[in-house]
Amino acid sequence: FFSFEALELEPDMGERGSRNPLLPGGVSRYSRSKMFARRASYKKRKTVAPAAKKPESRFVSKPMRGSKNGTTRNIPVRSTPKMYPTEDVRPKLKNRKINKPTRLRKSIQPGTVLILLANAHRGKRVVF
């Protein structure tokens, strides 16, 4: 049995108490996703709109020296890549599967004993 008194620690709950109380064994009562919903963090999130960027020019004008080279030259800001991939990357296919509701046999009703057929609990009997 877990308790803060045994560890001589005080929980940091404030005056109101914890939103997620501990169960015996030091386990939190609610999961992380459940606490996200309880805190209503999704309502409190604020997104800051990015500032409008000025369209950057792709070329920079640089002065050239020498009488035969002209006065200025336009040089690209980003140079072209030195290497290209040998094979094209295939685009991911769109998932067209539709999640359909699970249909159970009419004979399966609450209280029916079932035998699991898959996963680690294969062969175990459960009550529906």
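- Arg38 CZ: more than 12 foreign heavy atoms inside a 6.0 Å radius.
- Phe128 and Val126 fall within the same hydrophobic cluster, defined by Ile, Leu, Val, Met, Phe, Trp and Tyr side-chain heavy atoms under 4.5 Å apart, directly or through other members.
- Clustering ILVMFWY residues whenever any of their side-chain heavy atoms sit less than 4.5 angstrom apart, transitively, puts Leu104 in the very cluster that holds Leu114.
- Inter-residue side-chain proximity for Phe36 and Ser31 is flagged as unmet; no heavy-atom pair is nearer than 4.5 Å.
- More than 12 heavy atoms of other shown residues, nucleotides or ligands fall within 6.0 angstrom of atom CG in Asn69.
- The CZ atom of Arg96 lies 9.5 Å from the NZ atom of Lys94; values are rounded to the nearest 0.5 Å.
- In terms of heavy-atom proximity, Thr112 sits nearest to Ser107 at OG1-O, 3.7 Å.
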Problem set entry | Step-by-step side chain to side chain contact (heavy atoms under 4.5 Å, CB included) determination, Leu22 to Ser28 | CA-CA 4 Å; Leu22 291 176; Ser28 298; 3.9 Å; yes

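- One hydrophobic cluster, built from ILVMFWY side chains closer than 4.5 Å, holds both Ile108 and Leu116.
- Taking OG1 of Thr71 as the start and CE of Met64 as the end, the distance is 9.5 Å to the nearest 0.5 Å.
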For this session: For Arg58 and Val77, run side chain to side chain contact (heavy atoms under 4.5 Å, CB included): C-alpha distance rounded to whole Å, both residues' side-chain angles, the deciding distance at 0.1 Å, then the answer.
Result: CA-CA 6 Å; Arg58 293 172 44 199; Val77 175; 5.7 Å; no

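- Counting only distance, with no hydrogens or angles, the side chain of Ser18 and the backbone of Asn20 share a donor-acceptor pair below 3.5 Å.
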